[in-house]
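We use all heavy atoms of the structure for the numbers below, so side chains are in, but hydrogens, waters and symmetry mates are not.
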Amino acid sequence: MMNIDLVPFSYYGSYMSLFRHDDKLWLQSLHGKSKANMDSIEILITHNGDPVPFKVVENHTLLELISDFGTVEICFDTAQKIVFHSDDNLGIRFASHPKFNFEYNFQLGKKDAPYYVINSYKNLTKYLVYSPTNPSQLVQSLSVDSTGSNKTANNSSFIDVMPKSDKATIAVIQDIPTNMQKPNQEVLNFSDIKKNAEQNFSNFAQQFQLVQSSYKDIQLNAIYTLWSATVFPDGNLKLPAIYASNNKFPGVWSWDHCFMALALAGVDNELAWDQMKVIFQHQDEFGQLPGSVSDSTIRWNFSKPPIHAYTFAKMAQKMTFTDEQLKEIYHWISKQVEFYLNYKDSNEDGICEYDHGNDSGQDNSTVFAQNTVIDSPDLSAYLIFAMDYLIKLSKQLDQPTDTKVWLKKKTNLTSKFEKYFFDEDNLPFAREMFTGKKIESQGLLPLVSLIAGNALTQSQIKTILSTIKEHFVTEFGIATEAIDSPLYQDDAYWRGPIWGPSSVIMYEALKDVGEKELAHQIAESFCKTVKAYGFAENFNAKTGVGLRDKSFSWTASAFLYFANELHL
């Protein structure tokens, strides 16, 4: 059982979800252009024509609205179509809450067989509303502002599906974001619709190695989070893509997708591959990846950390790439590394820079407290790893000339990395790009340098490990700011809270340097925290309480990845 106040109800491939907030149940649009106005339609149930209170029971494929007068059931028939059903003489109301005065519902069709279109301009989509069994059940209530204003809404618009005592109440909402649609002449068997939805989710879930422990329910909920956040190809998205969240983040961010791919590698290899390719399809001629992509929007303002070679290397431990895929990976990663070397080293000192915290993924880490362009050791570590990966790939693809080129570049960057980023105590730190001044920070970001593995000395590894153990590890996982730091905050994004991606990165880095016990400790703590507090965007490092968005795909992905690793 899920919680509709935390986890939106949706369906594999759909750009619609149902979510309750402010004591109202909303149909939300997940098209990326709708982020500022995701709420499309308020869903109410009526008895004798009047709205009545109801509670919501959410399961993976069925939503029940339970009132004192009976129940309305809601189920997806397809990704584009939601069916509402009741045998209890209840009505269903779709209230569109116009934001603009020209935004209202209109009746179409034959007089004795009407249907309706909700023209929801506020989120730039439309919905077809109809009753396939008895069209006369639909009644429109419409108030239009006579002044013709096209600014602040001064109108109301809703559609009532009225009950018939001798028939079930059935209504359909269909997503039609572009061209118009007419209702299908169809007979809907709600029992069959429920069975099909259950089977579709079950087929997806059974790909995972399902646990038999106390984690069984949370694992199924994690699987549901990914399944329901997957949207079908549309617009900019040329492949099925898992959104960051069906709640506040309708889109694919260019490092979030890596963790979805990791969770799916060895489970659903095709979908795992799609999660990587869906972003690289937008790699520009210089090698940069966009910061995020949705069906309608591509954002280029930030580029996110180059974690992709690291991701492909870890995916390869779970699945086998074809020769054609390896060639694509080599092309993508070599272009990406060249982008950093050519365009993210503005002072041409051989060390690449983060222009802003958002480029690092750890947006507001205390490393960026002075709001300046910085040289951060984690960025060089990602690039060293990527070059090492390109060396291995070029050998595998029998490209000896490329092998020599990447070996030379790796040797050069590694030498500068070791001399530039470590203090006398062998602890990595960031620098201001223009001045070279050391940045005083107790953030986790510089310690991500551990991913460089064999590019580090044993003394450097030992220092990083002792720092992590002493200042970052809590009973709930690994914090993003030292818990004894004066800048630590319980709920300040990357200035303290525990995150899924940083947990996975550090887990893998720790394993790679032989620190398996600490790696497993962090993974186990994270899983326990998720079991207690769900798939929150991040977690209070001192209490474990979930923070911000409560239905985040990369949190669910991190849990599924750890569940597989730990054989829960």
Taking the side chain as every heavy atom from C-beta outward, state whether [X] and [Y] have any atom pair closer than 4.5 Å.
X    : Y    : result
E353 : D375 : yes
I307 : F259 : yes
D295 : Y243 : yes
N221 : H60  : yes
H471 : Y488 : no
Q219 : F559 : yes
S365 : L444 : no
I468 : L447 : yes

Ring centre gap for [X] and [Y] strictly below 6.0 Å:
X    : Y    : result
F476 : F539 : no
Y11  : W227 : yes
F552 : F249 : yes
W499 : Y493 : yes

Side chains of [X] and [Y]: do they bring a donor and an acceptor to under 3.5 Å?
X    : Y    : value
D363 : H356 : no
N342 : Y340 : no
Q336 : H308 : yes
D378 : S376 : yes
D549 : S245 : yes
S202 : E198 : no

Between [X] and [Y], is there a donor-acceptor pair closer than 3.5 Å when you use the side chain of the first and the backbone of the second?
X    : Y    : result
Y382 : Y310 : no
N246 : S228 : yes
S360 : G357 : yes
T555 : S551 : no
S380 : P377 : no
S525 : I522 : no
D425 : L427 : no

Review point. Within a reach of under 6.0 Å around NZ of K528, are more than 12 heavy atoms found that belong to other residues, nucleotides or ligands?
Key: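 It does not: K528 NZ has 12 such atoms or fewer within range.
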
Practice item. For the pair F312 and F280, name the ring-plane relationship: parallel under 30°, tilted 30 to 60°, perpendicular over 60°. Key: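 Taking F280 first and then F312, their aromatic rings sit tilted (interplane angle of 30° to 60°).
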
**Study point:** From F201, F76, Y224, F232, residue fulfilling ring-ring contact (aromatic ring centres under 6.0 Å, His included) relative to Y12
**Key:**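 Going through the options one by one, the only one that passes is F232.
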
Check your understanding: Does the cation-pi check pass for K531 over Y215, that is, NZ or CZ under 6.0 Å from the six-membered ring centre and within 45° of its axis?
Key ->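 Yes - K531 lies over the ring of Y215, closer than 6.0 Å to its centre and within 45° of its axis.
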
Practice item. Taking side chain to side chain donor-acceptor pair (under 3.5 Å) as the test, write out the residues that go with S441, two or more places apart. Key: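 With neighbours one apart ignored, the set is T366.
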
Review point. Excluding sequence neighbours, so at least two apart, what forms side chain to side chain donor-acceptor pair (under 3.5 Å) with Q399?
Key: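 Side chain to side chain donor-acceptor pair (under 3.5 Å) check on Q399 returns D402.
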
Review point. Do any pairs count as a salt bridge (Lys or Arg N to Asp or Glu O under 4.0 Å) and have a residue in residues 491-511, sequence neighbours left out, and if so which ones?
Key: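 Of all non-adjacent pairs touching residues 491-511, those that pass salt bridge (Lys or Arg N to Asp or Glu O under 4.0 Å) are K314-E508, D491-R548, E508-K511, K511-E565.
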
